[in-house]
Colleague: 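Before anything else, here's the structure in question.
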Amino acid sequence: MKGLVIKNTGSWYTVKTDDGTVIESKIKGNFRLKGIRSTNPVAVGDYVQLITNQEGTAFISAIDDRRNYIIRKSPNLSKQSHILAANIDQALLVVTVNYPQTSTTFIDRFLAGAEAYRVPVVLAFNKCDILSEEELHYERMMMTLYGHIGYQCIKLSAATGEGIDRLLPLLVGKVTLLSGNSGVGKSTLINRLIPGASLRTAEISDAHNTGMHTTTFSEMLELPAGGDTVTEEGESRHPGYLIDTPGIKGFGTFDIEPEELTSYFKEIFEFSKDCKFSNCTHTHEPGCAVRKAVEEHYISESRYQSYLSMLDDKEENKYREAF
Ligand SMILES: Nc1nc2c(ncn2[C@@H]2O[C@H](COP(=O)(O)OP(=O)(O)OP(=O)(O)O)[C@@H](O)[C@H]2O)c(=O)[nH]1
Ligand SMILES: [Zn+2]
């Protein structure tokens, strides 16, 4: 039997099978995944093979190849990492122009990381209900900026429900990683999208109270089935899931090489094709088409600054590694 892992608590995995049954499962034996040293071989979002047993539970006997996965490296130096989620279709980055203000550096770092993982990002501009005229103007400028680069932007209020009708269709049938700084309204949004979700979360934390601080657990929250969970091709798909994993602030960008960085800033990459040197870092080189585009306002100053700050990190790391 096949199924989708929707929850991971310690050594137990909750698997939703193709016919909609939910089965508590454990890993059979100690199978390892090629090339990954992780503390959890199976993660939410994995498609797995199950062998059911008489007690009504099951063994996970195989995992389908992953399209992608996000990991958190262990803070200690064991070189082990923890897989937070697999097979993500997209990320929803919740941002606010105020209360609290999300910095463009934070947004751009997140976007660059997502590009590195080839995960599309939708930007949700939340709390439009409490913004002043001036703040709304700034929000429009931000939405225009990121919209031009190619990111879908949705203006919404998780509190009042405004804009939710535009967001929902983007989530149907997809596994969406929910991200954003503390206080931007992620929990409020989840409760808006999935009535009763906070209640369930509370129950879960109660049940596992003792282990909460040591066990990282992830969960996919199922969106309520809408009327359109059948694709145009007539193939049915799941109603969509949200992954809300506390502690993920973005995609790991530690492995990005400085030469690669340009390609993770979509519009910078486009202009860089006209730079005189193919290995141009767009900092000081003559004939740099990127710096020219910044001067002529084809590339926004804030995006260029974010690029430079990420480049700086890389150089600094290199320096540290060298000594
Ligand atoms: N006015 C207004 N307030 C909102 C909106 N969305 C959330 N809030 C408020 O903002 C505060 C933070 O919201 P949360 O949903 O807890 O934010 P979060 O992103 O889950 O925060 P963390 O759990 O710290 O990551 C709460 O007081 C919410 O009521 C909104 O659209 N408009
Ligand atoms: Zn250049």
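Bear in mind the structure is a predicted one, so any value in this text is a computation, not a measurement. The basis for the numbers below is simple: all heavy atoms, side chains too, and nothing from hydrogens, waters or symmetry mates. Numbering of ligands and ligand atoms starts at 1, following listing order.
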Colleague: Does Val184 form a side-chain contact (heavy atoms from CB on, under 4.5 Å) with Thr102? I'd like the steps, not just the answer.
Modeller: CA-CA 8 Å; Val184 294; Thr102 307; 3.9 Å; yes

Colleague: Which residue pairs pass the ring-ring contact (aromatic ring centres under 6.0 Å, His included) test with at least one member in residues 264-285, sequence neighbours excluded?
Modeller: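 Of all non-adjacent pairs touching residues 264-285, those that pass ring-ring contact (aromatic ring centres under 6.0 Å, His included) are Phe265-Tyr307, His282-Tyr307.
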
Colleague: Give every protein N, O or S atom lying under 2.8 Å from the Zn ion (ligand 2), naming each by residue and atom.
Modeller: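 Those protein N, O or S atoms (cut-off: under 2.8 Å from the Zn ion (ligand 2)) are Cys275 SG, Cys280 SG, His282 ND1, Cys288 SG.
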
Colleague: Does the pair Leu156 and Arg192 meet the rule for a side-chain contact (heavy atoms from CB on, under 4.5 Å), with working shown?
Modeller: CA-CA 11 Å; Leu156 56 86; Arg192 174 64 65 177; over 6 Å; no

Colleague: Given the rule in the side-chain contact (heavy atoms from CB on, under 4.5 Å) test, do Val94 and Leu189 qualify, once you have shown the distances and angles that lead to the verdict?
Modeller: CA-CA 9 Å; Val94 183; Leu189 182 60; 4.0 Å; yes

Colleague: Just to check, does Gly183 reach to within less than 4.0 Å of ligand 1 when the distance is taken from its heavy atoms?
Modeller: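 True for this residue.
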
Colleague: Relative to atom 4 (C) of ligand 1, which among Arg192, Lys127, Glu162 owns the nearest non-hydrogen atom?
Modeller: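 Selected option, by shortest heavy-atom distance: Lys127.
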
Colleague: Which of the atoms of ligand 1 are close to Asn126, meaning less than 4.0 Å from one of its heavy atoms?
Modeller: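 Result: 5 (C), 6 (N), 31 (O).
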
Colleague: Between Asp274 and Lys292, is there a salt bridge with N-O shorter than 4.0 Å?
Modeller: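 Looking at Lys292 and Asp274, the cut-off is not met.
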
Colleague: Could you tell me whether Arg118 and Glu115 make a salt bridge, using a distance below 4.0 angstrom between a side-chain N and a carboxylate O?
Modeller: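 Not counted as a salt bridge, because no side-chain N and carboxylate O are separated by less than 4.0 Å.
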
Colleague: Only heavy atoms of Ile130, strictly under 4.0 Å: list the atoms of ligand 1 that pass.
Modeller: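 Those atoms are 1 (N).
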
Colleague: Show your working on side-chain contact (heavy atoms from CB on, under 4.5 Å) between Leu177 and Leu92 and close with a plain yes or no.
Modeller: CA-CA 6 Å; Leu177 178 76; Leu92 181 68; over 6 Å; no

Colleague: Does an N or O anywhere in Gly185 fall below 3.5 Å from an N or O of ligand 1?
Modeller: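 In this structure, Gly185 places an N or O atom under 3.5 Å from an N or O of ligand 1.
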
Colleague: Backbone, side chain, both or neither: what part of Thr188 comes under 4.0 angstrom of ligand 1, heavy atoms only?
Modeller: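 Both of them.
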
Colleague: List the residues meeting side-chain hydrogen bond (donor to acceptor under 3.5 Å, both in side chains) with Ser309, not counting sequence neighbours, and say none if there are none.
Modeller: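 Applying side-chain hydrogen bond (donor to acceptor under 3.5 Å, both in side chains) to Ser309 gives Arg109.
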
Colleague: Does this structure show an ion pair linking Glu285 with Lys276, if we count only N-O contacts that are shorter than 4.0 Å?
Modeller: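 No, no charged N to carboxylate O under 4.0 Å.
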
Colleague: If you measure every N/O of Thr160 against every N/O of ligand 1, is any gap under 3.5 Å?
Modeller: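 No, no N or O pair falls under 3.5 Å.
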
Colleague: Between Ala159 and ligand 1, is there a nitrogen or oxygen pair with a distance under 3.5 Å?
Modeller: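 Yes, Ala159 has an N/O under 3.5 Å of an N/O on ligand 1.
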
Colleague: Which ring-ring contact (aromatic ring centres under 6.0 Å, His included) pairs, counting each pair once, include a residue from residues 124-173, with sequence neighbours left out?
Modeller: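 Sorted result for residues 124-173: empty, none.
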
